[in-house]
Amino acid sequence: MAIIECPRCKGRISDKAGKCVHCGIIFRPEEKRFCAECGAELEEGTAVCFRCGCPIEAYAGTKMSADFRQMNARGGVKAGRRMTGIIAAVIISSMVLIAAVGGIALYQANNALKEAMRIEEKKRAEEEKRAEEEKVRRSQEYRENLCMVTDIMLSGAADAEDCCNLVVQVWNNAIFQKEDNVTDRYTRPNGYFVEDFNEALANLSADSDFNMQIDHIMENQKTVNTIVGQLRNPPEEYKSAYKALAEFYDTYLIFTNLAVYPTGSLNSFSEDFDAADTEFIHCYHLMEFYLQD
């Protein structure tokens, strides 16, 4: 190796140099370097192949054969196509994955909606069942109360009938001075008849046994009033029965009040008593019709 002068700058350089290190003039083109593994063209100073990662041994002035270059070109095309295929496959896989995830989410959403609808339908069915059971229970309870209040009014009317009959007997026997084992204690308390029938009725009103009967009738009225008040909103199937009950209740009050508050003359009281008794029996039979099994 010899030292020569650069023809441009006259600087001293090696006769083997490809270019002047002083002015940069190129004496001969630098030989290209290629990867011995995949044939990729390498830049100056490359230590590792950018394509295949093969380590690059230090060598200079090496040229590829035309066949190797052609093969390298085809390999590059194939590699490029292969890379494109890989990218396409990744994209397609991603799209398939997204579609699959979306399908799963949609499937789960549909299942959740179906489950919610099933739960709602079950809840509605249970509510309808409870409503029907409540309707049946209320109907049965209403009927039981109808039967009960009818029996209570019948019992109160029976006591009122006994009291009214006794009032009529005492009233009549006091006026017409008739002796009777039942009424003598009121009409003949001292062994002889009272001077006025009002005195006999006053004796009857002061009698403890009679007063006890009157108290029972008044308590009976309070009980009936409470139950009838609870029956004012009947189920559909008992609306006609309630109308009959209302008529029966009015007659009951008229009948029982005659015993509690006797007024008028003997004739008017007797007539009112007979009319109330007859009307009460009629209304009672009508209630029996609605309460029969």
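- Put simply, the side chain of Asn172 never gets that close to the backbone of Val168: no donor and acceptor are under 3.5 Å apart.
- Between Asn225 and Leu253, the closest side-chain pair of non-hydrogen atoms falls below 4.5 Å.
- Tyr261 and Leu166 fall within the same hydrophobic cluster, defined by Ile, Leu, Val, Met, Phe, Trp and Tyr side-chain heavy atoms under 4.5 Å apart, directly or through other members.
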side-chain contact (heavy atoms from CB on, under 4.5 Å) between Arg51 and Cys35, worked out:
CA-CA 9 Å; Arg51 178 180 293 169; Cys35 177; over 6 Å; no
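- Atom CD of Glu126 has more than 12 neighbouring heavy atoms from other residues, nucleotides or ligands inside a 6.0 Å radius.
- Closest approach of Ala259 and Ile214 over heavy atoms only: O-CD1, 3.4 Å.
- Summarising the geometry of Cys23 relative to Arg8, their closest heavy-atom pair is SG-CD, 3.7 Å, with the distance given to 0.1 Å.
- Side-chain atoms of Asp277 and Glu161, non-hydrogen and from C-beta on, do get closer than 4.5 Å to each other.
- The NZ atom of Lys122 sits 9.5 Å away from the CD atom of Glu115 when rounded to the nearest 0.5 Å.
- Counting all heavy atoms, side chain and backbone alike, Ile25 lies closest to Cys6 at CG2-SG, 3.6 Å.
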Take Thr226 and Thr223, measure what side chain to side chain donor-acceptor pair (under 3.5 Å) needs, and give me the verdict at the end.
CA-CA 5 Å; Thr226 300; Thr223 302; over 6 Å; no
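- Gln177 is not listed as a side-chain neighbour of Asn173, based on a closest heavy-atom distance of 4.5 Å or more.
- Salt bridge status for Arg137 with Glu141: present, with a side-chain N to carboxylate O gap under 4.0 Å.
- Distance alone, capped at 3.5 Å, is enough to place a donor-acceptor pair between the Arg143 side chain and the Leu291 backbone.
- Residues Leu258 and Met218 share a hydrophobic cluster, clusters being chains of Ile/Leu/Val/Met/Phe/Trp/Tyr side chains in contact below 4.5 Å.
- In terms of heavy-atom proximity, Lys19 sits nearest to Gly24 at CB-O, 4.3 Å.
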Go through Asn220 and Tyr252 one step at a time and tell me if the side chain to side chain donor-acceptor pair (under 3.5 Å) criterion holds.
CA-CA 11 Å; Asn220 185 276; Tyr252 159 82; 2.4 Å; yes
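- Taking NZ of Lys243 as the start and CG of Leu286 as the end, the distance is 12.5 Å to the nearest 0.5 Å.
- Side-chain contact between Asn233 and Arg138: present, with at least one pair of heavy atoms (C-beta onward) separated by less than 4.5 Å.
- Applying the ring-ring contact (aromatic ring centres under 6.0 Å, His included) test to pairs two or more places apart or on separate chains, those with a residue in residues 213-248 are Tyr142-Tyr238, Phe248-Phe280.
- Within the 3.5 Å criterion, the main-chain N or O of Glu179 finds no donor-acceptor partner in the side chain of Thr183.
- In this structure a side-chain-to-backbone donor-acceptor pair under 3.5 Å is present from Ser270 to Leu266.
- A donor-acceptor pair under 3.5 Å is formed between the side chain of Asn203 and the backbone N or O of Glu199.
- Ser205 places a side-chain N or O within donor-acceptor distance of the main-chain N or O of Leu201, the cut-off being under 3.5 Å.
- Judged by distance alone, with hydrogens and angles left aside, the side-chain atoms of Ser155 form no donor-acceptor pair with the main-chain N or O of Asp151 at under 3.5 Å.
- The hydrophobic cluster containing Tyr290 does not contain Tyr284, counting ILVMFWY residues as joined when their side-chain heavy atoms lie under 4.5 angstrom apart, directly or transitively.
- Pairs passing the ring-ring contact (aromatic ring centres under 6.0 Å, His included) check and including a residue from residues 146-193, sequence neighbours excluded, read Trp171-Phe197, Trp171-Phe269.
- The nearest pair of heavy atoms linking Thr251 to Ala276 is CG2-O, 3.9 Å.
- Hydrophobic cluster membership differs between Phe289 and Leu146, with clusters built from Ile, Leu, Val, Met, Phe, Trp and Tyr side chains linked at under 4.5 angstrom.
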Worked check of side-chain contact (heavy atoms from CB on, under 4.5 Å) between Asp215 and Glu219:
CA-CA 6 Å; Asp215 289 340; Glu219 286 298 323; 5.5 Å; no
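- Looking at Val167 and Phe210, their side chains come closer than 4.5 Å, going by heavy atoms from C-beta outward.
- Salt-bridge annotation for Arg12 and Glu5: absent, with no side-chain N of the basic residue lying under 4.0 Å from a carboxylate O of the acidic one.
- For the atom pair Glu247 CD and Met287 CE, the distance stands at 10.5 Å (nearest 0.5 Å).
- Partner of Gln108 under the side-chain contact (heavy atoms from CB on, under 4.5 Å) criterion, chosen from Ile104, Asn111, Asn110: Ile104.
- The CG atom of Asp159 sits 6.5 Å away from the CG atom of Asp162 when rounded to the nearest 0.5 Å.
- In this structure, the side chains of Cys164 and Pro262 stay at 4.5 Å or more apart for every pair of heavy atoms.
- Ile217 CD1 to Lys222 NZ: the interatomic distance, rounded to the nearest 0.5 Å, is 13.5 Å.
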Worked verdict on His285 versus Glu288 for side chain to side chain donor-acceptor pair (under 3.5 Å)
CA-CA 5 Å; His285 289 319; Glu288 283 188 315; 3.1 Å; yes
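- Taking every heavy atom of both residues into account, Cys20 and Ile13 meet most closely at SG-CG2, 4.1 Å.
- Salt bridge Glu121/Arg124: present, at least one basic N to carboxylate O contact under 4.0 Å.
- Atoms CD1 and CD1, from Ile227 and Ile152 in turn, are 3.5 Å apart once rounded to the nearest 0.5 Å.
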